[in-house]
Amino acid sequence: MLMPQDVTRPLRPCLFIDKDGTLVHNVPYNVDPALLRFMPGAGAALARLQRAGLALVIVTNQSGLARGFFTRAQFDALQQALLQRLQQEFGVRIDGVEMCPHGPDDEGRPACPCRKPAPGMLIRAAQQHGLDLARSWIVGDTLDDVEAGHRAGAGGLFFNSGGETVWRRSPLRNADASFSNWTALADYVEKALAGNTGCPPAWIRPPATGDAPCSNTGTARSSASPRAS
Ligand SMILES: [Mg+2]
Ligand SMILES: [Zn+2]
């Protein structure tokens, strides 16, 4: 049961972080803490972004649970080790972890509201932690991550570590920016956060009508993503 947020508390911007192939190297269906290897620069970048005021929430598809490859207890142990290492090695405190334990349908599409590219995990975290989705981003190594971010009303940042192999395209799957290292990503997000105008992101704005009440000029998102239809 989700509790209503305290309306007097301002909503926080957030970085939603995909785990496999983004925060840590992708070892398919891994639940062995000994095999956790952070992407270069990830811990330091998260520490910076936390200091800049962002909430940090991990959002991860774990269909290995539905497929019976590992148990919830095994995943919980991995998650605990991951959070502990982030805290001990980088001083990073993760605000929340959202996990989808479901598998895809026969066509590979989400069969639940939470498996990315569906936005359920981001929306649930936003309600739980008081997050401002319009001032938030997801970062992930597949276009499904980018799409989940856009479907939630957040920005979608692509982390190019080789995880995407299909490249199915649609307006919702066009990343706002792409990165191959965490330092550049942290630079981008810090700058975008500082320059944010509070306007809705480009992909959910109606086409300009002439009286343009809202301009994202000066933000890193101004290079116009196509509008979702
Ligand atoms: Mg991934
Ligand atoms: Zn799910």
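For reference, positions follow the sequence shown, starting with 1. Atoms within a ligand are numbered from 1 in the order they appear, just like the ligands themselves.
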SG (C112) - the Zn ion (ligand 2) - ND1 (H102) angle, nearest 10°: 100°

Vertex the Mg ion (ligand 1), rays to OD2 in D18 and O in D20 - rounded to 10°: 80°

For Y29 and F69, I'd like to know if the aromatic rings sit close, meaning centre-to-centre distance below 6.0 Å. yes

Closer than 2.8 Å to the Mg ion (ligand 1): does that hold for any N, O or S atom in D145? no

Under 4.0 Å between a side-chain nitrogen and a carboxylate oxygen: does that hold for K191 and D187? no

Restricting to N, O or S atoms of D141, which is nearest to the Mg ion (ligand 1)? OD1

Determine the minimum heavy-atom distance between L11 and R135, stating which atoms define it. O-NH2, 3.1 Å

Are any of the side-chain nitrogens in E98 or R124 under 4.0 Å away from the carboxylate oxygens of its partner? yes

